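Take a look at the structure below.
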Amino acid sequence: MDAAAGQQQEPQLSLAAVRDALVREEDSVVFALIERARHPRNASAYTPAAGGGRSLVEFFVREAEALQSKASLLLPSAGRYQKPEDVPFFPQDLPSHLFPAKSYPKVLHPVASLVSVNDAIWKMYFNELLPLFTVDGDDGNYAETAALDFACLQVISRRIHIGKYVAEVKFRDAPQDYSPAIQAKDKDTLMNLLTFKAVEEKVKRRVEKKARTFGQNVTLEDSANKQENVAEDSGCKVDPKVLSKLYDQWVMPLTKDVEVEYLLRRLD
Ligand SMILES: C=C(O[C@@H]1C=C(C(=O)O)C=C[C@H]1O)C(=O)O
């Protein structure tokens with residue numbers, strides 16, 4: 001998280017600062033989906049190559065992750081996947097001596113910071129989300145489609161893995177509440193402790209509003225009909241309801257899974 005970056009001493013973490021980072025991340029999620037939605041589904045990008053080989057999208061993500069991590073060869077610490085919230089989908093393909101980084105500020109617990117739910121994110125994105133916000137069809141732009149999928153996956157993954165910082169702050173604010181449940185490996189109690197329903201409701205409403213705002217067609221003509229309403233949603237580049245569903249059913253539950261998994265390792 002940038003709030004934790006660039007400082008050699010232990011940076012100050014607060015729930016407000018981490019939540020601000022999550023709010024900013026919403027913009028990136030909405031824009032990434034808007035960009036991907038310019039193309040139809042393009043199913044060929046997801047079909048395994050003949051003989052059980054990798055699909056184009058899997059090939060692209062593996063190669064792109066390896067390339068981004070290798071930036072460290074030219075500029076020390078420039079490579080990706082050095083921050084705890086920047087988690088690769090195919091860590092086994094990254095050059096091992098570059099990953100993870102050596103000198104990042106250690107605000108998180110070293111073992112707990114390795115939590116990844118990227119396998120669940122991968123399945124959710126391709127099986128559930130993609131059919132909801134892309135139309136059936138094929139425009140032949142498969143490499144472009146794969147690059148846009150990669151952008152969506154990266155930003156959704158980063159948002160969800162910022163949950164590690166959320167968990168750390170919540171633990172530091174109330175170790176006396178969290179420690180017994182961690183010691184008892186009591187996932188349900190941890191989930192109850194870290195859940196704030198009122199915050200979740202606001203997140204859902206805000207991402208829906210962002211999709212409605214960022215996804216409108218901007219023209220120079222004055223519109224007599226400018227108020228936000230559901231009737232206008234058909235003209236949006238991504239259906240705002242898809243954004244609230246994405247957050248409600250997958251992004252927030254997976255963020256909380258990251259929080260629980262982080263906390264379970266917090267006293268190791
Ligand atoms: C991230 C937090 O933890 C939980 C998950 C939320 C989310 O993913 O947006 C929101 C509220 C909490 O239930 C938080 O408290 O801000």
Side-chain angles (χ1 to χ4, degrees), residues 1-5 11-33 83-87 107-109 112-125 128-129 132 152-179 181-182 186-214 238 240-266:
M1 212 181 60
D2 288 340
Q12 289 295 315
L13 267 189
S14 72
L15 194 51
V18 183
R19 282 182 174 157
D20 281 350
L22 291 178
V23 171
R24 176 61 184 85
E25 212 64 37
E26 291 163 2
D27 301 7
S28 308
V29 172
V30 174
F31 282 121
L33 264 59
K83 304 181 198 173
E85 69 275 31
D86 213 1
V87 182
V107 291
L108 299 181
H109 183 282
S113 71
L114 299 176
V115 166
S116 168
V117 294
N118 268 352
D119 288 349
I121 294 172
W122 182 275
K123 289 194 190 101
M124 175 281 287
Y125 180 78
E128 316 272 0
L129 182 61
L132 289 182
C152 290
L153 285 165
Q154 274 190 323
V155 69
I156 291 171
S157 174
R158 188 169 63 231
R159 192 286 177 197
I160 288 170
H161 289 102
I162 289 176
K164 296 173 187 178
Y165 295 91
V166 180
E168 178 64 26
V169 184
K170 289 178 180 173
F171 176 80
R172 287 191 199 182
D173 285 349
Q176 70 287 357
D177 295 340
Y178 283 96
S179 297
I182 294 171
D186 183 347
K187 290 189 180 193
D188 292 343
T189 300
L190 289 173
M191 189 60 94
N192 285 335
L193 283 170
L194 62 82
T195 295
F196 290 83
K197 278 286 166 209
V199 175
E200 294 185 17
E201 284 309 312
K202 279 192 190 161
V203 171
K204 274 190 281 176
R205 285 178 32 226
R206 192 174 51 241
V207 291
E208 186 175 327
K209 185 169 179 182
K210 284 184 178 182
R212 198 166 283 128
T213 307
F214 303 160
V238 171
K241 292 282 178 218
V242 169
L243 262 297
S244 59
K245 179 172 171 143
L246 165 63
Y247 270 71
D248 184 34
Q249 296 202 2
W250 301 300
V251 169
M252 294 195 293
L254 285 168
T255 303
K256 293 199 289 182
D257 286 347
V258 167
E259 291 182 55
V260 169
E261 291 304 316
Y262 180 93
L263 288 164
L264 286 172
R265 292 161 180 75
R266 181 59 178 75

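Whatever order the structure lists them in is the order used to number ligands and atoms, beginning at 1. Just so we're clear, the structure is a prediction, and the values are computed from it rather than from any experiment.
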For L22, atoms of ligand 1 separated by under 4.0 Å from a heavy atom:
1 (C)
Test salt bridge (charged side-chain N to carboxylate O under 4.0 Å, His left out), reference R206, set E25, E200, E26, output is E26
Think R19 forms a cation-pi with F196, using NZ or CZ under 6.0 Å from the six-ring centre and within 45 degrees of its axis?
yes
Within less than 4.0 angstrom of ligand 1, does E201 place any heavy atom?
no
Identity and separation of the nearest protein heavy atom to atom 13 (O) of ligand 1
E200 OE2, 2.5 Å
From atom 3 (O) of ligand 1, work out which of E25, K170, K256, R206 has a heavy atom at the shortest distance.
K170
Do NZ/NE/NH1/NH2 and the carboxylate oxygens of E208 and R212 come within less than 4.0 Å?
yes
Answer yes when K164 and E168 have at least one side-chain N-carboxylate O distance shorter than 4.0 Å, and no when they do not.
no
T195, any N or O under 3.5 Å of ligand 1 N or O
no
Check this for me, if you would: do E261 and R265 make a salt bridge, where the nitrogen-to-carboxylate-oxygen distance has to be below 4.0 angstrom?
yes
Within 4.0 Å of some non-hydrogen atom of T255, the atoms of ligand 1 are 8 (O)
Nearest heavy atom to atom 9 (O) of ligand 1 wins, so pick from K204, R159, E26, K202.
R159
Quick test: of every protein heavy atom, which one is nearest to atom 16 (O) of ligand 1, and how far off is it to 0.1 Å?
R19 NE, 2.6 Å
Heavy-atom closest contact (S28 atom, R24 atom, distance)
OG-NH1, 3.4 Å
Please verify whether a non-hydrogen atom of E259 lies at under 4.0 Å from ligand 1.
yes
For ligand 1, which atoms sit closer than 4.0 Å to a heavy atom of L194?
3 (O), 4 (C), 12 (C), 13 (O)
Would you mind checking which non-hydrogen protein atom is closest to atom 12 (C) of ligand 1, with the distance to 0.1 Å?
F196 N, 3.5 Å
Just do the side-chain contact (heavy atoms from CB on, under 4.5 Å) check on I182 and F171 with the steps written out, would you?
CA-CA 10 Å; I182 294 171; F171 176 80; 3.8 Å; yes
Tell me whether D27 is salt-bridged to K210, with the criterion being a basic N under 4.0 Å from an acidic carboxylate O.
yes
